[in-house]
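Here the structure comes first, spelled out in structure tokens, and everything after it is commentary.
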Amino acid sequence: MFRVALVDCNSFYASCERVFNPRLLNRPVVVLSNNDGCVVALTKEAKALGIVRGVPAFQIRALIQRHGVHVLSSNYVLYGDMSQRVLDTLATFTPNLEVYSIDEAFLDLADFADRNLADYGRTIRATVARWTGLPVSVGIAETKTLAKLANHIAKCVKDTGGVFDLIAVPDREALLGKVPVQELWGVGPNIARRLQAAGVTTARALRDADDQWVRTQFGVTGLKTVHELRGISCLPLEECPPSRQSIAVSRSFGRPVTAPGDMREAVATYVTRAAEKLREERLAAGALTVHLTTNPFNDSPQYSNSATIELPVATDASAELIRQALDLLPRLWRDGYRYKKAGVLLTALVPAGEVQTGLFDGEDRAKVRRLSATLDRLNAKLGADTLRFGATGQRQGWRTKFAHRSPAYTTNWHDLPLVRAS
DNA sequence: TCTGGGGTCCTAGGACCC
DNA sequence: TCTGGGGTCCTAGGACCC
């Protein structure tokens, strides 16, 4: 019998900040997206003020002032490191787990079915809190969709203590009848609207919906959700993530870009980062797409475009990818626009060791490989971007802004928090 | 003034083939 | 008057997730 726990960190980014800055405890805290644009994480104290995830920062400026809300820029290095600590902790509880996102994982508890699973969940929660300082919620059920739902209840209902075992609930009918359909995993705003219009407003109503109707209205994805609600597992635990299909790097600019030179710097910078990701995962890219766009929220003239090049031989070399990307740019660039964002997308990914070589390939691949290895080694040792390509520019006035970024508490010796005895 | 980024899966429709 | 049927592949767009 399938038994699965979803362990999910509460307000993950904000909680990471709290671990190293106790002044944030019991206070409203928001963490902003790149460029300090939108709220992407917030504590329950911030939610109580009416702030919601996704709202632009400038729209809540007065609220922030009035209530002394603590505002932080995203610190992905910190969150990535804390995420790994949580996963290392969870791995001590079961060998079979699926890392679902930066702040959550599904744990296979099939082999623990003879235990009290809620007790086990409480042990997991207490251990993560002690070893990492982070609060988590645990939801337990027969399928992933139901575990998500159980987790939602663990988070929202106070007397659960952060752990909820749906299997042990005596009256599941009543419970599912109280869960709004839009809270379910796999039901987004669009599907929720259509379900409500059809009179399906609760998890229970969706579970009991007609299969044929669901299939024609919401496809196989919708039908899987319905079956999962009935306790029939359709979404297996993915312990070995399938190899990925694409690598993307895109950023909004700190200020509008109007000069081609700035755009070239930005695109070269994003390609560099994408190429680093490629090499970290020992992949090579067979195609590269560049896109750029103006600001859709402005009423200024709008323009966006993208172009793709298929590479003759798949590569992971920064220099070659930068050259290819910059060659695409003149096709995309139009004078007279205020560009807001650009990005690169690497696709047709293959393992770096299985690249199909080209008969007429002019590159000295062995030499390029040595260059990449040296580059990566130096930057790993001396800090990111210590050595970089001239095409990425010197002043980088377009760079994304992070005005409120916390220190790299766990990944930089100079930022190590100090505890003083007073 | 100021509105994120990175993914996946599914489906419909067109191109193309025999 | 009257113009097949079935299959694959690719792509764009929509939906979802965090």
Side-chain angles (χ1 to χ4, degrees), chain A residues 6-13 30-42 51-62 64 71-76 79-80 83 98-106 144-145 148 151-152 181-195 214-225 228 234-235 238 241-256 270 273-274 277-278 281 287 289 291 293-300 306 308 310 338 340-349 400-404:
Chain A
L6 175 66
V7 181
D8 182 313
C9 301
N10 304 345
S11 307
F12 180 57
Y13 293 177
V30 299
V31 179
L32 303 179
S33 63
N34 279 354
N35 244 350
D36 295 337
C38 297
V39 172
V40 289
L42 66 169
I51 300 173
V52 293
R53 201 189 120 89
V55 70
F58 72 88
Q59 286 178 4
I60 56 166
R61 200 150 294 164
I64 287 168
V71 177
L72 291 149
S73 305
S74 295
N75 186 342
Y76 297 114
Y79 311 149
S83 174
E98 173 186 344
V99 180
Y100 181 66
S101 78
I102 193 167
D103 77 329
E104 61 192 298
F106 289 103
K144 287 165 99 177
T145 303
K148 271 274 188 187
N151 188 282
H152 174 73
V181 78
Q182 67 268 22
E183 303 294 341
L184 293 170
W185 192 43
V187 178
N190 208 296
I191 290 175
R193 195 166 28 77
R194 287 165 53 201
L195 284 172
V214 172
R215 176 67 182 85
T216 51
Q217 291 297 309
F218 306 102
V220 294
T221 323
L223 196 55
K224 279 184 186 175
T225 296
E228 285 246 322
C234 303
L235 304 167
E238 307 255 12
S243 68
R244 69 150 124 195
Q245 305 298 305
S246 65
I247 289 176
V249 176
S250 70
R251 296 278 181 282
S252 296
F253 303 128
R255 58 167 167 74
Y270 302 163
R273 180 70 198 113
K277 287 193 198 177
L278 264 183
E281 305 195 20
T289 301
H291 64 90
T293 182
T294 52
N295 188 348
F297 295 104
N298 278 357
D299 46 13
S300 54
S306 67
T308 301
E310 287 182 23
R338 293 162 60 81
K340 173 64 180 170
K341 182 179 178 178
V344 301
L345 180 67
L346 302 177
T347 49
L349 304 182
T400 307
K401 295 201 177 356
F402 298 90
H404 312 281

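So that the names make sense, note that chain A is the first sequence line, chain B the second, and so on, each numbered from 1.
Contact of the A:F218 side chain with the A:L195 side chain is registered, since non-hydrogen atoms from C-beta on lie closer than 4.5 Å.
When heavy atoms are screened at a 4.0 angstrom cut-off, A:K277 is found touching the sugar-phosphate backbone but no base atom. A:F12 comes within contact range of no nucleotide atom at all, as no heavy-atom separation falls under 4.0 Å. Residue-level contact check: A:P189 touches the backbone only, with heavy atoms under 4.0 Å from sugar-phosphate atoms and none from bases. Using a 4.0 Å heavy-atom cutoff across all strands shown, A:D103 reaches sugar-phosphate atoms only and no base atom. In this structure, A:L345 reaches neither bases nor backbone, as no heavy-atom distance under 4.0 Å exists between it and the strands shown. Among the protein residues, A:N190 comes within range of the sugar-phosphate backbone only, with heavy atoms under 4.0 Å from sugar or phosphate atoms but none that close to a base. Within the 4.0 angstrom heavy-atom criterion, only backbone atoms of the sugar-phosphate kind lie near A:I247; the bases stay farther away. Within 4.0 Å of A:I102, counting heavy atoms only, lies no atom of the nucleic acid at all. Looking at heavy-atom distances under 4.0 Å, A:R338 makes no contact with the nucleic acid at all. No engagement by A:S74 is indicated, since no non-hydrogen atom pair under 4.0 Å with the nucleic acid exists. Among the atoms of the strands shown, base atoms are found under 4.0 Å from some heavy atom of A:R61.
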Working for salt bridge (Lys or Arg N to Asp or Glu O under 4.0 Å), residues A:K148 and A:E104: CA-CA 10 Å; A:K148 271 274 188 187; A:E104 61 192 298; 2.7 Å; yes

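Of all non-hydrogen atoms in A:S73 and A:H404, the two that sit nearest each other are OG-N, 2.7 Å.
Here the OG atom belonging to A:S252 is positioned 7.5 Å from the CG atom belonging to A:N34, to the nearest 0.5 angstrom. Taken to the nearest 0.5 Å, the CG atom of A:N151 stands 4.5 Å off from the CG atom of A:D8.
Between A:Y13 and A:Y79, the ring-plane angle classifies as parallel under the 30° and 60° cut-offs. Between A:Y270 and A:F253, the ring-plane angle classifies as parallel under the 30° and 60° cut-offs.
C:dC18 and B:dT3 have their P atoms separated by 25 Å, given to the nearest Å.
With a 6.0 Å radius and a threshold of 12 heavy atoms from other residues, nucleotides or ligands, A:R273 has its CZ atom above the threshold.
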For DNA chain B, the dot-bracket pattern of Watson-Crick and G-U pairs whose distances stay under 3.5 Å, | for other-strand partners: ....||||||||||||||

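When each of A:S250 and A:F218 is assigned the nucleotide of DNA chain B bearing its nearest heavy atom, the one mapping closer to the 5' terminus is A:S250.
Note that the first and last nucleotides of DNA chain C, 5' to 3', having any atom under 4.0 angstrom from a heavy atom of chain A are C:dA15 to C:dC18.
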